[in-house]
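Heads up: the structure comes next, in structure tokens.
The figures here come from the full heavy-atom set of this structure, side chains too, leaving out hydrogens, waters and symmetry mates. Predicted, not measured: the structure shown is a model, and the values here were computed from it. Order of the sequence lines sets the chain letters (A, B, ...), proteins ahead of strands, with each chain counted from 1.
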Number of protein chains: 2
Amino acid sequence: MVGLPNRDRRSERREATRQEILAAAWEVARVNGIAGLTLREVAVRVGMQPPSLYSHFDSKHAIYDAMFAQAWRNLADAITAAEKGAPRSPRRRLEYFTRVFVDFALEEPSRNQLMNVRVIPDFTPSPESYAAAVDAFELMRAKLREIGVTRDRDMDLLTALIAGLIAQQEANDPGGDRWRRLIPEALTMYANAVGIAGSTQGRKR
Amino acid sequence: MVGLPNRDRRSERREATRQEILAAAWEVARVNGIAGLTLREVAVRVGMQPPSLYSHFDSKHAIYDAMFAQAWRNLADAITAAEKGAPRSPRRRLEYFTRVFVDFALEEPSRNQLMNVRVIPDFTPSPESYAAAVDAFELMRAKLREIGVTRDRDMDLLTALIAGLIAQQEANDPGGDRWRRLIPEALTMYANAVGIAGSTQGRKR
DNA sequence: GTCTATACTGTGATAGAC
DNA sequence: GTCTATCACAGTATAGAC
């Protein structure tokens, strides 16, 4: 541990370039879909020749891997940021954070596909990137625990319910709210079954 | 209406070849994933040169389109075939047909992705193929109506719940049953909320 | 260390001979 | 209807200029 702190301008610049490439990759994915990502288009947007990308990423899969990790870190950040402004009643907290999650997923369909669907033929996230996913997942788990969802089965049931609303919304009414607007109804059903404090027992018909 | 009935041997042979190609495409998709389908591998399995496929399908997307229609027709057939052996009580019918649907989806992940997730960059099913999806959907709708699910919102909620179980099962526990085994619990929750005849009101904890 | 130039492989697609 | 030849363009890899 001798010498100045590692404050290389070089490595800072290098990291900035990596981020620039990732930002361009997200743009392309937004337009072409996550499977339609091409290094060519990414390079054009960054103002490089396609092979130059290999100075910063080992392969196209390495770019997907970095995007995967970044997506889950962004979700964790969104959850943390949403804590201020969160209601206190368990039932209302449940709905509040569900909306945070659903809106995050619907905001960018290709990001959601990369995070939650195995859609790139040979891509499997690296252990480091998968750890980012686990971190975000544990964050949600902790929130659920506060709310009163403690059994693993109940958590799995909730993730399925939310994932289903997102999947149906994106597949059958993209850009609309046909399933998104069912959130209150879905959570009332869930809260009654699992027993969340502050949930209404009735149902308006 | 003059002449013999249209019993061309030529067109029969032609249709048989198309089916052969589709069967080979399903095999490739099963191995490489639906997005990993290549005309080369399809051609090899059929014993053709890749360009020869264009005598039978206008493009790769046309193959996807035929696969899409076939998949939905197969689902409709599976639902129809399951009618014999179906229980009579609404609550048990609900669970029975849910299992038919979930098992069909889990049976071949790439088929499920083609049917329910927009995963091929520029592919949108043709009106004719989409009609096959609508037919199958209407079949399920009719079954649900018998069971007592009549409101559109209630149907949408159920499709979301089922799609969510499938999505989570495939994404986070492929080949296992971590979410699939939640079917009874999920449907009890749903049946209690929507009011299906013959549903238990309690919950074992 | 970083980018350019170039080339190799594989893929979807088309044209034309048989 | 099938094949051969060929094209355009993707991802990938290496060599070399600066």
Take the protein atom CZ of A/Phe57 and the nucleotide atom C1' of D/dG11, then report the distance between them rounded to whole Å. 16 Å
Check whether the side chains of B/Glu108 and B/Gln113 place a donor and an acceptor atom closer than 3.5 Å, and report yes or no. no
Which is true for A/Pro51 with a 4.0 Å heavy-atom rule: it touches a base, it touches only sugar-phosphate, or it touches nothing? base
Footprint ends on DNA chain C, 5' to 3', for atoms under 4.0 angstrom from a heavy atom of chain B, come out as C/dT11 to C/dT14
Using atom NZ of A/Lys60 as one end and atom P of D/dA13 as the other, report the distance to the nearest whole Å. 13 Å
Distance check needed: D/dT14 P versus A/Gln49 CD, whole Å only. 19 Å
So, B/Thr188 and B/Arg91: side-chain donor and acceptor under 3.5 Å apart, yes or no? yes
NA contact type, A/Ser55, heavy-atom cut-off 4.0 Å: base, sugar-phosphate, or nothing? base
Touch class at under 4.0 angstrom, heavy-atom based, for B/Ser59 against every strand present: sugar-phosphate
Rounded to whole angstroms, how far apart are CD1 on A/Ile63 and C1' on D/dT12? 12 Å
Looking at every strand, decide which applies to B/Leu53 at a 4.0 Å heavy-atom threshold: base, sugar-phosphate, or nothing. nothing
Need one value for B/Ser52: base, sugar-phosphate or nothing, where a base atom within 4.0 Å counts as base even if backbone is also close, heavy atoms only. base
Can you check the A/Met48 CE to D/dT12 P distance for me, whole Å? 16 Å
Between atom CZ of A/Phe123 and atom CG of A/Leu114, what is the distance when rounded to the nearest 0.5 Å? 5.5 Å
Inspect the surroundings of OH in B/Tyr96 and state if more than 12 heavy atoms from other residues, nucleotides or ligands are less than 6.0 Å away. yes
Smallest heavy-atom separation, B/Trp179 atom then A/Asp156 atom, equals NE1-O, 2.9 Å
Is the ring pair A/Tyr130/A/Phe68 parallel, tilted or perpendicular, if the boundaries are 30 and 60 degrees? parallel
